[in-house]
Structure formats: structure tokens, C-alpha cells
Amino acid sequence: MASSYFHEMQENFRNNNKSREFPAHSAKVHSVAWSCDGRRLASGSFDKTASVFVLEKDRLVKENNYRGHGDSVDQLCWHPTNPDLFVTASGDKTIRIWDVRTTKCMATVSTKGENINICWSPDGQTIAVGNKDDVVTFIDAKTHRPRAEEQFKFEVNEISWNNDNDMFFLTNGNGCINILSYPELKLIQSINAHPSNCICIKFDPTGKYFATGSADALVSLWDVDELVCVRCFSRLDWPVRTLSFSHDGKMLASASEDHFIDIAEVETGEKLWEVQCESPTFTVAWHPKRPLLAYACDDKEGKYDSNREAGTVKLFGLPNDS
């Protein structure tokens, strides 16, 4: 029996299933993220820059382009409670903190390796960054000095704090989720989550669940308190690259090289909707207040369609008549 929420959201997407694309970069977009108040969307690209858009009703208006990195911007995230600050991780062995009220970089922090993963602690005090050599560095967000550095003996994929800020999670190449106490960074538990590479991890806003995506094309949903798998979502056929929970924690978007983004109802696992894409999707992010999904795909090259730009950011959930 489908829930009333399920029917309500299906009705919503029947009337609001338009996607629109906005030029953002000169090369493919690796990462998109919303500021905590939902007013701005940031994107990071292979073109070594970050872009910031302001959401105005049903469109994204480009506000600024942030230059300074010497290599691809692989991931970015916003401060959890300050809507003006975001941080970028780059292959140039630095992270940069930016303030949208200026175009200048607030701080550049040098790190040991080429950075691929970044997250901001829920209390706003620490930034964790992971590099290609499986080192995770914890940086004080105020002083911009490294607090701790951990070398792991496995391939570190995505990293995240839990919502309570007292545990730190890593997904790894052996299909495990490693859970460390924070700030002590002592191993609490290692969960064999998937038979193959565990790629991405996201916590839901309510703090009840987290989800992981794997190379086995499965998304698994975990109970935070019990650390048990509650259910699996298996509609994708390719390695799951990116996940995002909606603001109410009731929907989960997941994407891969499949040419659609799966939107599931969290409590039942049922498919609520799918967003058609013409190419693999690198990154998805639900708006923090509305059922609007930002995403970016591996845009087609000129040989398929010469008037199509690489490096666009897309928005799904817009009114059909907009």
C-alpha cells in the first residue's frame, strides 16, 4: 500500500518534472552543492574553477566564478550553518575556503596529496579532506591549520561525519564502511557493506539513516543507531556514484552511468520517479527546503551535438509550465 506521501510526491512531480540546464563551466562538472539556506548552488569543475549561482524562483542566475586552483576541483561543500562559506578540494594539493560576499579566496590550505573528497563537520569547526594516497587530513576551520592526519591502509572513497559530530565514517575499496570515534579517531566498527568497492555515503537530515552506494550498483540504507542495513535499492545497473537525501529525509536520489537518476521513497524503497539523463551523472543534490534536485552529467562532446556546451548544471523539479 503506497503511502500518502508517495502519492503526494508523485502528483508533485507530475506537475513539476521539468529539467533546465544552466551554463556553468568550460569542462565537466564534478560536484554540486546547496548552501544551508538554499539560496545558492555551487559547482566545481574539471576546468579548475568553482561557480556559484543564486536561485531565483525557477532559475539559477550565475553570481560568480571562483578561480585560483591549479587543477581540477573534484569536490566542494558548504559550511553547515553559514550560507556564505564554501570549501573546494582540488588535485593541486590544496583546499580553498571561499566567501560568496567577495570573489577572493579566504584561505588556501596546502595538503600532502591530490585531494578528491571533502566534508565539513556538522558543528562547523573542522574540514576533513581525503586525497588519492588515502590520507585524510582534519583542518581547523578557523585557524586553517591541520589538527590531525590519518593514513589508511585501504582505498578511501567518501568521508562524512554523522549528524551528531561524534563519529567519522569512511567508505572504502573493499566494500566496507569504517566508523571512527571523533575526535579520537579510534576504530569503533568496520561493516562489510558491499561485495565490491563502496563508493559514496550520505546521512539523512533527520539523523535516522545513512545510505551508501557501491560498485555493485546497489544503494543500501542503514539505521544510524543500530548500524544494520534496513533495505537495498537495486534499480540502477552501474556503480552508484552519488546520493542525496531530500530535506525531509523521505526521498533518496541516486545516480550512476545509467541514463536516469532514481528517486526512491526512503521508507518503502519504492520508485517515486526517475529523471531521464542523456549521459552518466556525476553528482546530485536535493535543495535543503524544496523538492528541487540539482545535478550534473558527463555532458556529451561536440561530435554528438556541436551546439551543446560541456559543463552545465541542471535543475529538476521545475513547474512544467515554467
Side-chain angles (χ1 to χ4, degrees), residues 74-75 77 80 87 89 93 95 109 111-216 218-232 239-245 249 252 254:
D74 274 7
Q75 208 175 34
C77 63
V87 61
K93 301 188 177 183
I95 68 162
V109 183
T111 57
K112 285 191 174 163
E114 296 178 39
N115 298 314
I116 46 177
N117 286 308
I118 196 156
C119 61
W120 211 309
S121 63
D123 64 9
Q125 291 179 19
T126 313
I127 296 164
V129 58
N131 70 26
K132 283 185 178 165
D133 306 317
D134 309 313
V135 173
V136 177
T137 307
F138 294 85
I139 294 157
D140 186 310
K142 286 199 180 62
T143 65
H144 310 135
R145 291 202 172 90
R147 276 196 182 142
E149 198 178 77
E150 286 284 313
Q151 168 76 62
F152 292 93
K153 292 184 173 69
F154 47 76
E155 177 190 315
V156 174
N157 289 320
E158 218 162 50
I159 52 179
S160 179
W161 274 270
N162 64 336
N163 299 22
D164 292 338
N165 216 108
D166 60 359
M167 293 195 281
F168 191 76
F169 287 63
L170 308 99
T171 60
N172 79 28
N174 313 327
C176 292
I177 305 163
N178 286 74
I179 306 169
L180 310 178
S181 60
Y182 187 81
E184 305 80 17
L185 302 177
K186 297 274 179 282
L187 183 66
I188 297 175
Q189 200 168 347
S190 178
I191 303 173
N192 286 328
H194 292 272
S196 56
N197 197 341
C198 191
I199 299 170
C200 45
I201 183 166
K202 275 288 180 302
F203 282 78
D204 95 64
T206 70
K208 188 176 176 188
Y209 298 122
F210 66 92
T212 55
S214 163
D216 61 15
L218 291 177
V219 174
S220 46
L221 184 74
W222 300 81
D223 181 297
V224 170
D225 295 329
E226 306 288 328
L227 296 177
V228 293
C229 181
V230 185
R231 68 186 55 88
C232 279
V240 182
R241 285 183 179 169
T242 176
L243 298 165
S244 180
F245 281 97
L252 179 62
S254 53

- Message: Is it true that S220 and T212 share a donor-acceptor pair across their side chains at a distance under 3.5 Å?
- Response: yes

- Task: Spell out, as yes or no, whether a donor-acceptor pair under 3.5 Å connects the side chain of E158 to the backbone of I201.
- Result: yes

- Task: Carefully, step by step, assess S254 and T242 under the rule side-chain contact (heavy atoms from CB on, under 4.5 Å).
- Result: CA-CA 6 Å; S254 53; T242 176; over 6 Å; no

- Message: Please find the pair of heavy atoms, one from G124 and one from A141, that lie closest to each other, and give the distance.
- Response: O-CB, 3.5 Å

- Query: Which heavy atom in C119 sits nearest to a heavy atom in S160, and how many Å separate them?
  - Reply: SG-CA, 3.9 Å

- Does N192 use its side chain to pair, donor to acceptor, with the backbone of P195 at less than 3.5 Å? no

- Item | Point-to-point distance, once rounded to the nearest 0.5 Å, from CG of L170 to SG of C176 | 11.0 Å

- Message: Strictly distance-based, threshold 3.5 Å: is any side-chain N or O of D134 a donor or acceptor partner for the main-chain N or O of V156?
- Response: yes

- Message: Is there a side-chain contact between I191 and I179 in this structure, where contact means two heavy atoms from C-beta onward sitting under 4.5 Å apart?
- Response: yes

- Over all heavy atoms of both residues, which pair between A89 and V129 is shortest? Give the atoms and the distance, please. CB-CG2, 4.3 Å

- Between N163 (side chain) and D204 (backbone), is there a donor-acceptor pair under 3.5 Å? yes

- Query: Charged N to carboxylate O below 4.0 Å: is that the case for R145 and D140?
  - Reply: no

- Would you check if the distance from the ring center of W161 to the ring center of Y182 is below 6.0 Å? yes

- Query: CD1/I159 to CG/N178 distance, rounded to the nearest 0.5 angstrom?
  - Reply: 13.0 Å

- Can E155 and N197 be said to form a side chain to side chain donor-acceptor pair (under 3.5 Å), step by step? CA-CA 9 Å; E155 177 190 315; N197 197 341; 3.2 Å; yes

- Taking every non-hydrogen atom, the tightest pair across K202 and L243: CG-O, 3.3 Å

- For the residue pair F168 and F138, is the inter-centroid distance of their aromatic rings smaller than 6.0 Å? yes

- Taking the six-membered ring for Trp, is the centroid-to-centroid distance between Y209 and F245 below 6.0 Å? no

- Message: I'd like to know whether I199 forms a side-chain contact (heavy atoms from CB on, under 4.5 Å) with S214, so could you lay out the CA-CA distance, the side-chain angles of the two residues, the decisive distance to 0.1 Å, and finally the verdict.
- Response: CA-CA 5 Å; I199 299 170; S214 163; 5.7 Å; no

- Task: Please examine the side chains of V240 and C200, heavy atoms only from C-beta on, and report whether any two atoms are closer than 4.5 Å.
- Result: yes

- Does the pair V230 and W222 meet the rule for a side-chain contact (heavy atoms from CB on, under 4.5 Å), with working shown? CA-CA 5 Å; V230 185; W222 300 81; 5.8 Å; no

- Roughly how far apart are N174 CG and F154 CZ, rounded to 0.5 Å? 8.0 Å

- Query: Taking C-beta and beyond as the side chain, do I177 and F210 meet within less than 4.5 Å on heavy atoms?
  - Reply: yes

- Do T137 side-chain atoms and E149 backbone N/O form a donor-acceptor pair below 3.5 Å? no

- Begin with the C-alpha distance, continue with both residues' side-chain angles, and end with the deciding distance and a verdict on side-chain contact (heavy atoms from CB on, under 4.5 Å) for Q189 and L227. CA-CA 9 Å; Q189 200 168 347; L227 296 177; 3.0 Å; yes

- Quick one: pull up CD in E114 and CG in N131 and give me the separation to the nearest 0.5 Å. 8.5 Å

- Item | Non-hydrogen side-chain atoms of L218 and H194 separated by less than 4.5 Å | yes

- Query: Is the backbone of C198 close enough, under 3.5 Å, to the side chain of T171 for a donor and an acceptor to pair up by distance?
  - Reply: yes

- Can any side-chain N or O of Q75 pair as donor or acceptor with the backbone N or O of I118 at less than 3.5 Å? yes

- Item | Pair D74, N115: side-chain N/O donor-acceptor within cut-off below 3.5 Å | no

- Item | Straight-line distance of K112 NZ to K93 NZ, nearest 0.5 Å | 11.0 Å

- Under 3.5 Å: donor-acceptor pair, side chain of D133, backbone of V135: no

